[in-house]
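Scroll down for the structure; my scribbles are underneath it.
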Amino acid sequence: MSLIVRRIGPACTVQDQGRDGYLDQGLSHSGAADLLALHEGAALLGQSPTCAALEMAGMGGEFEAAQDIRIALTGAPMQASIDGSPIPWNASHLLLKGQRLTLGAVLRGAYGYLHLGGGVATEPFLGSRSIHLTAKLGRTVAVGDTLPAGPDSGDTGMKLIPTERFSGGTLRIVPSFQTALFDHPTLERFEQTEFRRGPRANRMGMQLDSEGDGFAAQGQLNILSEVITPGDIQMTGTGNPFILLPECQTTGGYPRIATVLPSDILRAAQTPAGGAIRFQFVTLDEAATLQGAFQKDLARLSSRVEPLIRDPHDIPDLLSYQLIGGMISATE
């Protein structure tokens, strides 16, 4: 089973949960910008969240089914249709051989995801199918490419109410290695400031803008380069915060005022240009509790999936749906 790419946005890549164990060799984790979207797609299709999906930054594309194939759509919502008929987002659908799936620009957020039943089965490298453009591991998806799917079996026509994360909001943070270099008034002002996502943003990181003075650390010009990870908030020479994302570099010398919790990085990545962001310091104990709750919510996603109810007149693949499941005998 596979999808043929007939039209595609300029920044679409195959992503899974990323690759661990190569930081000391200069290769960062990479992986999906919105980890929750991967798990949502897996829950909708009844498969493992380790399956790879197509990550679409800002713009989708047009895809033709080479065979009958199940799909799911998660992450930042986009206008979606099959052969011109609109279909719901955050749901799973059956795409029949020859039918075309069309995905437009994002309506909210930044990254949308197209999942295939069986996952996007490209060749893994170093234990992952994630494309890492910064490290030149793979390339963006292009017109004429084929997205292969792994073995698949399961139902379709399911939906899942998404967690709201597409308009910015408050990001929980913990102290980082250089937090102590920022004086207390600066840290207080940092928490009280409303930032806006600036135009400089990609899978490496995103710059934030704000009114007023920038944020500087004491002796920041003497900081040596050291290991950095996704979620770190660097202060550039202009005093603007820069949140590092999955394809960030592995070392850096800019002072880090704090680190975003892993469970909140997806909210940062999904913030659209101009979206408002605030920061809130939490203790390490609070961070561990919040992260643990996030992991439990991921594990419970499959229990939140429910049948997608649609008008039969708007369902071109009506015969593929289970229409009598759950019936019981009136005499028992």
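- Here the CZ-CD distance, from Arg278 to Gln192, works out to 8.5 Å after rounding to the nearest 0.5 Å.
- Checking side-chain atoms of Thr74 against main-chain N and O of Ala37 turns up a donor-acceptor pair under 3.5 Å.
- Using a 4.5 Å heavy-atom threshold, the side chains of Leu171 and Ile233 count as separate.
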Test Thr259 against Ile173 for side chain to side chain contact (heavy atoms under 4.5 Å, CB included), laying out the working first. CA-CA 5 Å; Thr259 299; Ile173 54 177; over 6 Å; no
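- Formation of a donor-acceptor pair under 3.5 Å by the Thr186 side chain with backbone atoms of Phe182 is not found in this model.
- We find that Arg165 and Asp264 are not joined by a salt bridge, their nearest charged nitrogen and carboxylate oxygen being 4.0 Å or further apart.
- Defined by atom type and a distance below 3.5 Å, a donor-acceptor pair is present between the side-chain atoms of Arg203 and Ser30.
- Distance alone, capped at 3.5 Å, is enough to place a donor-acceptor pair between the Ser128 side chain and the Ser130 backbone.
- When only modelled atom types and interatomic distance are considered, His132 and Ser28 share a side-chain donor-acceptor pair under 3.5 Å.
- The line from CG of Leu133 to CE of Met204 is 11.0 Å long, rounded to the nearest 0.5 Å.
- Between the CG atom in Leu44 and the CE atom in Met158 there is a gap of 8.0 Å [rounded to 0.5 Å].
- With Glu164 as the partner, the side chain to side chain donor-acceptor pair (under 3.5 Å) test is satisfied by one option alone out of Arg108, Arg267, Gln270: Arg108.
- Applying the ring pair (Phe, Tyr, Trp, His ring centres under 6.0 Å) criterion to Tyr22, with sequence neighbours excluded, gives no partner residue.
- Considering Ile71, Leu114, Thr102 as possible partners of Phe63, the one that fulfils the side chain to side chain contact (heavy atoms under 4.5 Å, CB included) test is Leu114.
- The pair Asp232-Arg256 counts as a salt bridge, with a side-chain nitrogen and a carboxylate oxygen less than 4.0 angstrom apart.
- Using a distance-only test at 3.5 Å, with no hydrogens or angles considered, no donor-acceptor pair links the side chain of Arg6 to the main chain of Glu64.
- Not counting sequence neighbours, Asn90 has no partner by the side chain to side chain donor-acceptor pair (under 3.5 Å) test.
- A side-chain N or O of Gln178 and one of Glu226 form a donor-acceptor pair less than 3.5 Å apart.
- The backbone N or O of Ile257 sits less than 3.5 Å from a side-chain atom of Thr179, completing a donor-acceptor pair.
- Using a cutoff of 4.0 Å between basic side-chain nitrogens and carboxylate oxygens, Arg196 and Glu194 are scored as salt-bridged.
- Applying the ring pair (Phe, Tyr, Trp, His ring centres under 6.0 Å) rule to Phe195 yields the partners Phe190, Phe215, Phe279; only residues at least two apart in sequence or on another chain are considered.
- Donor-acceptor pairing under 3.5 Å is lacking for the side chains of Tyr111 and Glu55.
- Thr13 contributes atom OG1, which lies 7.0 Å from atom CG of Leu54 (distance to the nearest 0.5 angstrom).
- Residues Glu191 and Arg172 are not paired through a salt bridge, judged by the lack of any N-O separation under 4.0 Å between the basic side chain and the carboxylate.
- Under the 3.5 Å distance criterion, the side-chain polar atoms of His93 are matched with a main-chain donor or acceptor of Pro88.
- The hydrophobic side chain of Leu107 is isolated, with no ILVMFWY side chain under 4.5 Å apart from it.
- Taking CZ from Phe294 and OG1 from Thr163, the interatomic distance works out to 8.5 Å, rounded to the nearest 0.5 Å.
- The line from CD of Glu247 to CG of Asn202 is 7.5 Å long, rounded to the nearest 0.5 Å.
- The side chain to side chain donor-acceptor pair (under 3.5 Å) check on Arg7 picks up nothing, with sequence neighbours excluded.
- A donor-acceptor pair under 3.5 Å is formed between the side chain of Thr236 and the backbone N or O of Asn240.
- Side-chain atoms of Gln47 come within 3.5 Å of backbone N or O of Gly118 as a donor-acceptor pair.
- For Glu306, the CD atom sits in a packed shell: over 12 heavy atoms of surrounding residues, nucleotides or ligands are nearer than 6.0 Å.
- Although no hydrogens or angles enter the test, the distance criterion places a donor-acceptor pair under 3.5 Å between the side chain of Trp89 and the main chain of Gly75.
- No hydrogens or angles considered: a donor-acceptor pair under 3.5 Å links the side chains of Gln207 and Asp209.
- Membership of an apolar cluster is not assigned to Phe177, as no side-chain contact below 4.5 Å to another ILVMFWY residue is traced.
- Of the possible donor and acceptor atoms, one in the side chain of Gln17 sits under 3.5 Å from a partner among the backbone N and O of Pro49.
- Side-chain N/O atoms of Gln280 and Thr170 include no donor and acceptor closer than 3.5 Å.
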